[in-house]
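The structure under discussion appears below in the form of structure tokens.
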2 protein chains.
Amino acid sequence: MKLRARDDITDAEAEAISDAIGEIVEYASDVTFIAPKQELTHSTLLLEGLMCRYKDLSDGQRQITEIHVPGDFADLHSFTLKHLDHSMMTLTPCTIAKVPHTELTRITEAYPHLARVLWFSTNLDACIHREWEVSLGRRSALERTAHLFCELQQRLAIVEMASESDYAFPLTQTELAECLGLTSVHVNRVLKELRERGLVEFRGGRVTIHDLRELRRVAEFDPAYLYLEKRAR
Amino acid sequence: MKLRARDDITDAEAEAISDAIGEIVEYASDVTFIAPKQELTHSTLLLEGLMCRYKDLSDGQRQITEIHVPGDFADLHSFTLKHLDHSMMTLTPCTIAKVPHTELTRITEAYPHLARVLWFSTNLDACIHREWEVSLGRRSALERTAHLFCELQQRLAIVEMASESDYAFPLTQTELAECLGLTSVHVNRVLKELRERGLVEFRGGRVTIHDLRELRRVAEFDPAYLYLEKRAR
DNA sequence: CGGCAAATTGAACAGAGTCAAAACCAGTGG
DNA sequence: CCACTGGTTTTGACTCTGTTCAATTTGCCG
């Protein structure tokens with residue numbers, strides 16, 4: 001369904017994906033289920049919950065490099081990389097479908113257009129990475145935090161898990177800080193300011209947006225990098 | 001040659017790539033040759049020179065999100081994205097080969113293994129983006145600058161354009177700042193410190209490394225994210 | 001020699017980090 | 001039903017890394 005939002009997928013292609021799905025697995029919250037260098041034989045299709053990619057530093061610091069929402073083929077890039085240079089962790093309890101790499105080889109060879117759609121979806125991850133680089137490199141803590149809330153609102157809205165004014169986002173402020181390249185103390189102060197300015201509230205694992213237009217203006221959020229429009233075959 | 005460093009490419013596959021190459025073009029330095037939203041019909045194989053991807057902010061600030069070295073299929077991701085969300089600019093005079101997307105469709109359908117190798121190369125860009133996120137989010141200005149010098153040393157060494165102790169890197173300090181999410185003034189001070197510590201010197205468009213081991217230690221540089229080892233077919 | 005972009009330096013300032021304490025809150029067991 | 005626990009959030013005071021602004025120097029090129 002999510003792929004169809006951006007590309008025309010034939011019934012045969014959709015069925016090929018369904019057939020490729022192996023085991024369905026549940027993970028608890030806060031579980032690192034892929035470590036760097038671990039050899040991988042399947043990719044993870046996220047059905048329910050939130051997860052993230054992150055890298056550790058030797059002093060215990062951590063940088064989350066992307067958040068995944070339901071519908072994301074979370075580690076499809078492991079199909080070509082064979083092992084990852086980073087870790088993957090659940091942020092909430094998750095339900096995932098495992099898709100063996102051998103099946104991916106089979107269906108991408110049988111359906112070249114589907115191969116390009118999947119390839120596109122890993123390129124979309126790179127688009128998100130680039131936008132985060134801009135946030136981390138150039139936006140202030142406030143703008144950056146606002147931007148993250150805008151991104152998640154948009155991405156969750158696609159899968160009907162966010163309205164214009166609110167969505168579930170059960171991270172701790174420490175995890176938020178690990179996304180934003182800030183300390184949890186500073187994140188707390190920024191959240192206070194966003195709240196006092198009447199833009200967003202982050203509380204009890206929910207984001208409540210009071211003024212989406214203004215929030216986007218503050219964040220300088222332009223959803224172009226999420227490639228929402230439908231693309232030609 | 002560069003693809004062969006990481007994957008076994010058959011002669012037929014190599015020939016298919018050669019055949020796919022269209023026009024060879026020269027660009028001057030500091031030319032933005034791809035703007036966001038521009039519809040693209042070919043991808044750019046960088047033969048000579050350095051180029052980068054960057055995003056602009058409304059206040060004139062700019063974040064460079066990746067640097068490309070000779071041998072990189074610099075905007076292969078435009079094959080699946082159709083248009084980019086960012087710009088591409090030359091940092092030096094460049095020679096490039098244009099590869100029409102129609103040709104890419106043809107050769108990836110004819111050679112599925114080659115398709116995966118090309119797919120891999122766009123995933124490698126994402127790996128580099130993630131490492132930059134870590135730098136921008138968690139490393140100090142000094143570590144971050146050291147890390148960039150390590151990355152370029154490694155990537156240029158693959159194409160025999162860098163030794164262990166020096167390589168050409170003709171950027172201005174302002175451009176360096178745009179990579180590092182810093183101001184040019186601060187970059188200047190960081191370069192001074194790196195020089196005084198006897199680690200690296202950046203001068204006259206060259207990087208001279210006096211102590212690579214120590215530089216890597218300071219930067220906490222682990223080349224794993226560049227996937228240098230050869231991978232199974 | 002002149003012109004100009006790039007590099008360098010200094011001084012003052014601000015955004016974000018550090019450290020430490022306090023308040024809050026959900027879940028647990030008595 | 002309530003006290004206890006541990007993790008999370010909140011706040012204050014202080015520090016420091018990196019920015020800003022402005023001036024000066026350097027180096028290249030015609």
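The chains referred to below are lettered A, B, ... by the order of the sequence lines, with proteins before strands, and numbering in each begins at 1. Just so it is clear, the values below take in all heavy atoms, side chains as well, and ignore hydrogens, waters and symmetry mates.
Between B:His129 and the options A:His129, A:Glu133, A:Glu66, A:Glu131, a side-chain hydrogen bond (donor to acceptor under 3.5 Å, both in side chains) holds for only A:Glu133. The one candidate from B:Leu76, B:Leu81, B:Asn123 that meets the side-chain contact (heavy atoms from CB on, under 4.5 Å) condition with A:Trp119 is B:Leu76.
If you check every strand for non-hydrogen atoms under 4.0 Å, A:Gly181 touches sugar and phosphate atoms only. Within 4.0 Å of A:Leu182, counting heavy atoms only, lie sugar-phosphate atoms of the nucleic acid but no base atom. Among the heavy atoms of the strands, none lies under 4.0 Å from B:Val190. Across all strands shown, A:Arg203 has heavy atoms under 4.0 Å from sugar-phosphate atoms exclusively, and none from any base. Heavy atoms of A:Ser140 sit under 4.0 angstrom from primed sugar atoms or phosphate atoms, though from no base atom.
When only modelled atom types and interatomic distance are considered, B:His68 and B:Arg53 share a side-chain donor-acceptor pair under 3.5 Å.
An angle of 30°, rounded to 10°, separates the two end axes of the helix from C:dC1-D:dG30 to C:dG30-D:dC1, each defined over five pairs.
Of the charged side-chain nitrogens involved, none lies within less than 4.0 Å of a carboxylate oxygen, so that A:Arg189 and A:Glu193 do not count as a salt-bridged pair. Under a 4.0 Å N-O distance rule, the pair B:Asp85/B:Lys55 qualifies as a salt bridge. A salt bridge is absent between A:Glu143 and A:Arg217; no separation between the charged side-chain nitrogens and carboxylate oxygens falls under 4.0 Å.
Between chain B and DNA chain D, the heavy-atom contact criterion of under 4.0 Å yields a 5' to 3' nucleotide range of D:dG18 to D:dC21.
In this structure, A:Glu143 atom CD and C:dA16 atom C1' are separated by 14 Å, rounded to whole Å. Here C:dA16 presents its C1' atom at 13 Å from NE2 of B:His186, a figure rounded to the nearest Å. Here C:dT9 presents its P atom at 9 Å from CZ of B:Arg189, a figure rounded to the nearest Å.
Using cut-offs of 30° and 60° on the angle between ring planes, the pair B:Phe202 and B:Phe149 is parallel.
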